[in-house]
Amino acid sequence: MLADVRNRLLGKPSFRAFAGRVWPFNLIARRQARRLFDLSAGFVYSQVYMSCVALDWFNRLAGGPVAIATLADEARLPIAAAQRLLRAAHTLQLTEPRAADSVALGPLGAAMIGDPGIAAMAAHHHLLYADMSDPLGLLRGEKSDTALSRYWGYATSATPEDLPADDVAPYSALMAASQPMIAEQVLAALSMKPYEHILDIGGGVGAFLDAVHARYPHLRRTLFDLPGVIAARGAREDDVTAVGGSFLGSELPAGADLISLVRIVHDHDDDVVLKLLSNIRQIIPKHGTLLIAEPMAGTGGAETVGDVYFGFYLLAMGSGRARTLNEINELLGASGFSPASRHKTPVPLIASVLTARPI
């Protein structure tokens, strides 16, 4: 195969030396060297980013440039240390230098301001980094008690419906903060105008339903999640019917013609997903629609999200996996649904959107 020939050539020092001197091979060689270095240095990049998040620099710079000395003083950093961190942040386009020893947002830092959910997700990544300190041990199953499995208590609990509100409140807040960026993808991909009633299963404190209501106020809304999550939601002045229970053991609320699973399927193993889908099949009307929205494996242009990030994130969490469309369709077919239709989303890296109907 041509790939084998390519690999033999790339493995020869003499060919690499030749490629580094001769156009256009030298352009390819430089790009490959940069990509290989990025793989080695990626953890350092993420820690620079995490440091900026921890210092809240993106919000601090949202109003305009700030003197480096001021940032250093507020962060309790020596001026040389602040300059070192900022040089790294400039290179990563998180910030950019301005005149008179000041600094402003870079293009990537500016994007953080428009979507606070990104910072919320980043703020909990120290748990993932702790679990990934020994990736081979994780793959071998030698690390069952992980930081992420403790954080997402429902993932490995035999009785998640018994988790108290205090245990589920941290991840419920994280999901609420990050849910709007998922909702944006769903609402751009799928019109909900034809529907009358939406049931959001595993919807946390209701952030997705809030976004739906802003676009489609005619829809009746029912929220279903663990009792502890519903308790953490608290009393609210809205028309959402909030029901607590386990989607594996409790009877799901009936009557909705649109049932949504937003970032739910990839959180669970096949047997759990099959049971959930089968329970939904029992209560969904014949004319109803099942909506699945989440990052998926094998998504063109977003392979690193499903196959790399969530591949290991969910392994560390102790439950679930990112699935391809074909793998999801197998579970849908086994539980009485048609193959899913895939709807184009503006940013597939954030979420893919599928709909399926009962058969």
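Sequential numbering from 1 along the given sequence is applied to the chain's residues.
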### Message
Under a 4.0 Å threshold between the charged nitrogen and the carboxylate oxygen, would Asp271 count as salt-bridged to Lys275?
### Response
no

### Query
Ignoring hydrogens and geometry, is there a side-chain-to-backbone donor-acceptor pair from Ser319 to Asp267 under 3.5 Å?
yes

### Summary
Between Leu290 and the options Thr355, Leu354, Leu277, Leu258, the side-chain contact (heavy atoms from CB on, under 4.5 Å) test singles out Leu277

### Task
Determine whether Asp210 and Arg236 make a side-chain contact, defined as any pair of heavy atoms from C-beta on separated by less than 4.5 Å.
yes

### Query
Is the side chain of Asp131 donor-acceptor paired with the backbone N or O of Leu148 at a distance under 3.5 Å, no angle test?
yes

#### Entry: Any donor-acceptor N/O pair, Ser172 side chain to Val168 backbone, under 3.5 Å
yes

### Query
Checking Ser246 side chain against Leu248 main chain: does a donor-acceptor pair fall under 3.5 Å?
yes

### Message
One thing to verify: whether Arg220 and Asp239 come together as a salt bridge, which I'm taking to mean a side-chain N less than 4.0 angstrom from a carboxylate O.
### Response
no

### Message
Could you report the tightest heavy-atom contact between Ala322 and Gly306, atom names first, then the distance?
### Response
CB-O, 3.3 Å

### Task
Using the six-membered ring wherever Trp is involved, compare the ring planes of Phe43 and Tyr129 and label them parallel, tilted or perpendicular (cut-offs 30° and 60°).
perpendicular

### Task
Carefully, step by step, assess Tyr313 and His124 under the rule ring pair (Phe, Tyr, Trp, His ring centres under 6.0 Å).
CA-CA 12 Å; Tyr313 187 103; His124 90 296; 5.8 Å; yes

#### Entry: Heavy-atom closest pair, residues Ala120 and Ala177
CB-CB, 3.7 Å

### Query
Does Leu71 reach the side chain of Leu55, with side-chain heavy atoms less than 4.5 Å apart?
no

### Query
Do you reckon Ile328 sits in the same ILVMFWY cluster as Val273, going by side-chain contacts under 4.5 Å, direct or chained?
yes

### Task
Starting from the C-alpha separation in whole Å, work towards a yes-or-no answer on side chain to side chain contact (heavy atoms under 4.5 Å, CB included) for Tyr154 and Asp225.
CA-CA 11 Å; Tyr154 68 83; Asp225 211 313; over 6 Å; no

### Query
If you draw a 6.0 Å radius around CG in Asp269, do more than 12 non-hydrogen atoms from other residues or ligands fall strictly inside?
yes

### Task
Hey, could you give me the CZ/OG distance between Arg35 and Ser40, rounded to the nearest 0.5 Å?
13.0 Å

### Task
Answer yes or no: is there a side-chain heavy-atom contact under 4.5 Å between Glu96 and Pro107?
yes

### Query
Linking I/L/V/M/F/W/Y whenever any side-chain heavy atoms sit under 4.5 Å apart, do Leu314 and Met296 land together?
no

#### Entry: Distance (rounded to the nearest 0.5 Å) between Glu294 CD and Phe310 CZ
8.5 Å

### Query
With a 4.5 Å heavy-atom cut-off, do Val243 and Ile230 have their side chains touching?
no

### Task
Can you establish whether the number of heavy atoms outside Gln47 located under 6.0 Å from its atom CD is more than 12?
yes

### Message
Enumerate the ring-ring contact (aromatic ring centres under 6.0 Å, His included) contacts for residues 209-233, please, sequence neighbours excluded, ordered by first and then second residue.
### Response
none

### Task
State plainly whether one hydrophobic cluster holds both Val353 and Phe337, where clusters connect Ile, Leu, Val, Met, Phe, Trp and Tyr through side-chain heavy atoms under 4.5 angstrom apart.
no

### Message
Evaluate Trp57 against Val66 for side chain to side chain contact (heavy atoms under 4.5 Å, CB included), listing each step before the verdict.
### Response
CA-CA 10 Å; Trp57 274 358; Val66 176; over 6 Å; no

### Query
Looking at side-chain heavy atoms only, is the closest gap between Leu223 and Phe208 below 4.5 Å?
no

### Message
What's the separation between atom CG in Leu209 and atom OG in Ser260, rounded to the nearest 0.5 Å?
### Response
6.0 Å

### Task
Quick one: do Thr146 and Thr156 satisfy side chain to side chain contact (heavy atoms under 4.5 Å, CB included)? Show the steps, please.
CA-CA 10 Å; Thr146 61; Thr156 55; over 6 Å; no

### Query
So Thr299 and Arg342, side chain to side chain donor-acceptor pair (under 3.5 Å) or not? Walk me through it.
CA-CA 11 Å; Thr299 299; Arg342 191 167 192 166; 2.9 Å; yes

### Query
Should we count CD of Glu196 as having more than 12 external heavy atoms under 6.0 Å?
no

### Query
Distance from Ile259 atom CD1 to Ile284 atom CD1, nearest 0.5 Å?
4.0 Å

### Query
Is there a donor-acceptor pair closer than 3.5 Å between any side-chain N or O of Glu303 and the backbone N or O of Gly301?
yes

#### Entry: Ile283 reachable from Ile264 in the ILVMFWY side-chain graph, under 4.5 Å edges
yes

### Message
Strictly distance-based, threshold 3.5 Å: is any side-chain N or O of Arg323 a donor or acceptor partner for the main-chain N or O of Val265?
### Response
yes

Pair up each side-chain donor or acceptor in residues 76-83 with any protein partner under 3.5 Å, not counting sequence neighbours, and list the distances.
none

### From Leu85 atom CG to His90 atom NE2, the distance as rounded to the nearest 0.5 Å
9.5 Å

### Task
Under the ring-ring contact (aromatic ring centres under 6.0 Å, His included) rule, collect the residues that match up with His126, sequence neighbours excluded.
none

### Message
I want to know whether Tyr49 and His125 have ring centres closer than 6.0 Å.
### Response
no

### Query
Checking side chain to side chain contact (heavy atoms under 4.5 Å, CB included) for the pair Phe312/Leu139: CA distance, chi angles, key distance, verdict?
CA-CA 9 Å; Phe312 278 85; Leu139 289 163; 4.0 Å; yes

#### Entry: Heavy-atom pair with the smallest gap, counting every atom of Ser149 and Asp145
OG-C, 4.1 Å

### Message
Show the nearest heavy-atom pair for residues Leu226 and Pro160, with the distance to one decimal.
### Response
CD1-O, 3.6 Å

### Task
Indicate yes or no: at least one non-hydrogen side-chain atom of Asp38 is less than 4.5 angstrom from one of Tyr45.
yes

### Task
Measure the shortest side-chain to side-chain distance between Met112 and Asn59 over non-hydrogen atoms and say whether it is less than 4.5 angstrom.
no

### Message
Check whether Thr345 reaches the backbone of Gln185 with its side chain - one donor and one acceptor, N or O, closer than 3.5 Å.
### Response
no

### Message
Tell me whether Asn279 contacts the main-chain N or O of Phe247 through its side chain, where contact means a donor paired with an acceptor under 3.5 Å.
### Response
yes

### In one Ile/Leu/Val/Met/Phe/Trp/Tyr side-chain cluster, 4.5 Å: Leu128, Met175
yes

#### Entry: Donor-acceptor contact below 3.5 Å, side chain Ser278 vs main chain Leu274
yes

### Task
Indicate the atoms forming the closest heavy-atom contact of Ser133 with Lys143, along with that distance.
OG-NZ, 3.8 Å

### Message
Do Val186 and Met192 make a side-chain contact, defined as non-hydrogen atoms from C-beta onward lying under 4.5 Å apart?
### Response
yes

### Query
Can you name the closest pair of heavy atoms from Ala62 and Ile113 and give their distance?
CB-CD1, 4.0 Å

### Donor-acceptor contact present, side-chain Arg98 to main-chain Pro65, <3.5 Å
no

### Task
Quick one: pull up CG in Leu261 and CG in Asp200 and give me the separation to the nearest 0.5 Å.
8.0 Å

